[in-house]
Amino acid sequence: MQRLFIICLALLSLNIQAADNKPRIAIIIDDIGYHKADLKLIDLPFALTFSVLPYTPYGQSAARYAFQAQKDVMLHMPMQASNSKQPGPGALTADMSRQQVHKALQLALADIPYAIGINNHMGSYYTAQEQPMAWAMEYLQKRHLFFVDSLTTAQSKAGKYAQQYGVTNLSRQVFLDNEQTEAAISKQFETLLRIARKRQTAIAIAHPYPETYTFLRKNLPKLQEQGIVLVSITQLLPQSHNVIAAGFTAPASSAP
């Protein structure tokens, strides 16, 4: 297993930067793990990034399959929402102690050891909390993992505590498929491209819906003629960030 992660690190270090300074987009597919059909998205010949829910029926196999296909894998970490929705097993909640937060992250990363970073699943309540986010970022720093803020709340404290603990932090600009129709996804996709042209980079989050699969298969091949490059999430990280899979790092201590 250790040899496998050495190979993973070597492969990730060979990511090629987009030429000619073309605008770049990354698309993270969230909620991977509940359906075997999720593997169809991994089979698409594009540099999509896959964020996998822990403790799901197909999470481990999907993460392994994506890794073998040389696609970036992230942990889609369940976090407490501000509504009554349950985020799923292993979730971070605001009533946890520092030790409990660290242990929950450790166990989730052990379930998805191919993860090179995490983003929040739900988390509109949790990510807005000061101390809980500080503890989460403290742990990510020890494991050399980056954080992509899904921005499920405008009150997110992710950026503040990522900076405090030296954790690489990116943020989602667009949700592609909150509405699962071709017209709605197309409108969000155009917004993504517009942001990328203005800022040079942009990040979208999508989900393994059949409509999303159909849209991406049809439209991603057209990006080249539009002067946009689709890249894996690692290619949007600063050069100072050393990409490494969680399974290659020793579990961080949660002792006070």
Side-chain angles (χ1 to χ4, degrees), residues 7-30 41-51 66-67 69-74 76 114-120 140-141 144-151 154 156 158-160 162-163 165-178 182 184-207 212-213 215-245:
I7 295 170
C8 175
L9 179 60
L11 288 172
L12 289 169
S13 70
L14 294 176
N15 275 331
I16 300 172
Q17 297 297 320
D20 303 325
N21 294 319
K22 292 181 179 178
R24 296 177 293 163
I25 61 170
I27 300 176
I28 301 170
I29 309 296
D30 275 0
L41 275 158
I42 300 171
D43 282 331
L44 288 174
F46 310 118
L48 297 169
T49 298
F50 296 91
S51 196
F67 162 76
Q70 299 182 31
K71 306 289 179 74
D72 283 353
V73 176
M74 296 173 59
H76 197 32
Y114 300 97
I116 55 176
I118 81 169
N119 73 326
N120 52 296
L140 294 184
Q141 189 275 332
H144 310 288
L145 300 170
F146 61 87
F147 185 78
V148 176
D149 193 347
S150 301
L151 277 181
S156 174
K160 174 181 178 179
Q163 182 176 20
Y165 284 96
V167 173
T168 299
N169 179 63
L170 303 175
S171 296
R172 178 273 313 168
Q173 278 77 50
V174 173
F175 281 119
L176 278 185
D177 51 9
N178 280 350
E182 183 177 4
I185 297 173
S186 181
K187 182 178 179 181
Q188 291 298 97
F189 192 68
E190 287 303 316
T191 299
L192 176 70
L193 301 189
R194 186 168 62 251
I195 293 170
R197 291 188 182 103
K198 182 178 180 180
R199 302 184 183 179
Q200 282 300 106
T201 64
I203 298 172
I205 286 177
H207 302 83
T212 303
Y213 172 85
F215 181 88
L216 294 178
R217 186 179 62 179
K218 176 182 176 182
N219 289 279
L220 290 183
K222 302 175 184 178
L223 283 175
Q224 185 174 0
E225 64 192 52
Q226 295 174 291
I228 304 286
V229 180
L230 174 68
V231 298
S232 59
I233 195 67
T234 51
Q235 293 189 45
L236 297 187
L237 299 174
Q239 291 185 350
S240 58
H241 182 94
N242 293 320
V243 177
I244 187 165

*With side chain to side chain contact (heavy atoms under 4.5 Å, CB included) as the test, would you mind laying out the steps for F146 and I116 before giving the verdict?*
CA-CA 7 Å; F146 61 87; I116 55 176; 3.8 Å; yes
*Could you check V167 against N169 for side chain to side chain contact (heavy atoms under 4.5 Å, CB included), going step by step and ending with a plain yes or no?*
CA-CA 6 Å; V167 173; N169 179 63; 5.5 Å; no
_Apply side chain to side chain contact (heavy atoms under 4.5 Å, CB included) to residues M74 and L145 and explain how you reach the verdict._
CA-CA 10 Å; M74 296 173 59; L145 300 170; over 6 Å; no
*Just do the side chain to side chain contact (heavy atoms under 4.5 Å, CB included) check on I29 and L216 with the steps written out, would you?*
CA-CA 11 Å; I29 309 296; L216 294 178; 4.0 Å; yes
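For H144, there are no ring-ring contact (aromatic ring centres under 6.0 Å, His included) partners two or more places apart in sequence or in a different chain.
By the neighbour-count criterion of 12 heavy atoms within 6.0 Å, atom CD of Q224 is sparsely surrounded, having that number or fewer from other residues, nucleotides or ligands. Residue-environment remark: CD (E182) stays at or below the threshold of 12 foreign heavy atoms within 6.0 Å. The number of heavy-atom neighbours closer than 6.0 Å to CD of E190, taken from other residues, nucleotides and ligands shown, is above 12.
Distance NZ/K22 to CD1/I25: 13.0 Å, rounded to 0.5 Å. Summarising the geometry, atom CD1 belonging to I195 is positioned 10.0 Å from atom OG1 belonging to T201; distances are rounded to the nearest 0.5 Å. From T212, atom OG1 reaches atom CD1 of I185 across 4.0 Å, with rounding to the nearest 0.5 Å. Rounding to the nearest 0.5 Å gives a distance of 9.5 Å between CG of L230 and CG of L192. The CZ atom of F215 sits 7.0 Å away from atom CG of L176, with the distance rounded to the nearest 0.5 Å. For the atom pair CD1 of I228 and CG of L220, the computed distance is 12.0 Å after rounding to the nearest 0.5 Å.
Of all heavy-atom pairs spanning L193 and Q226, the tightest one is CD1-NE2, 3.8 Å. Contact detail for E225 and K222: the closest heavy-atom pair is CG-O, 2.9 Å. Counting all heavy atoms, side chain and backbone alike, Q173 lies closest to S171 at NE2-O, 3.0 Å. When every heavy atom of G227 is checked against every heavy atom of P23, the shortest pair comes out as O-CD, 3.3 Å. For F175 against Q188, the heavy-atom pair with the smallest separation is O-NE2, 2.9 Å. Residues L151 and D149 share a closest heavy-atom pair of N-OD1, 2.8 Å.
Residues I28 and D72 have side chains not in contact (no heavy-atom distance under 4.5 Å, counting atoms from C-beta outward). By the 4.5 Å heavy-atom criterion applied to side chains, V231 and V229 are counted as neighbours.
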Please tabulate, for side-chain N and O atoms in residues 41-51, each donor-acceptor pair with protein atoms closer than 3.5 Å (sequence neighbours left out).
residue	atom	partner	partner atom	Å
D43	OD1	Y65	OH	2.5
T49	OG1	I233	N	3.1
S51	OG	H76	N	3.4
S51	OG	N119	OD1	2.5

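Judged purely by atom type and a 3.5 angstrom limit, N120 uses its side chain to pair as donor or acceptor with the backbone of S150.
In this structure, R217 is not positioned above the aromatic face of Y213 in the sense of NZ or CZ being under 6.0 Å from the six-membered ring centre and within 45° of the axis.
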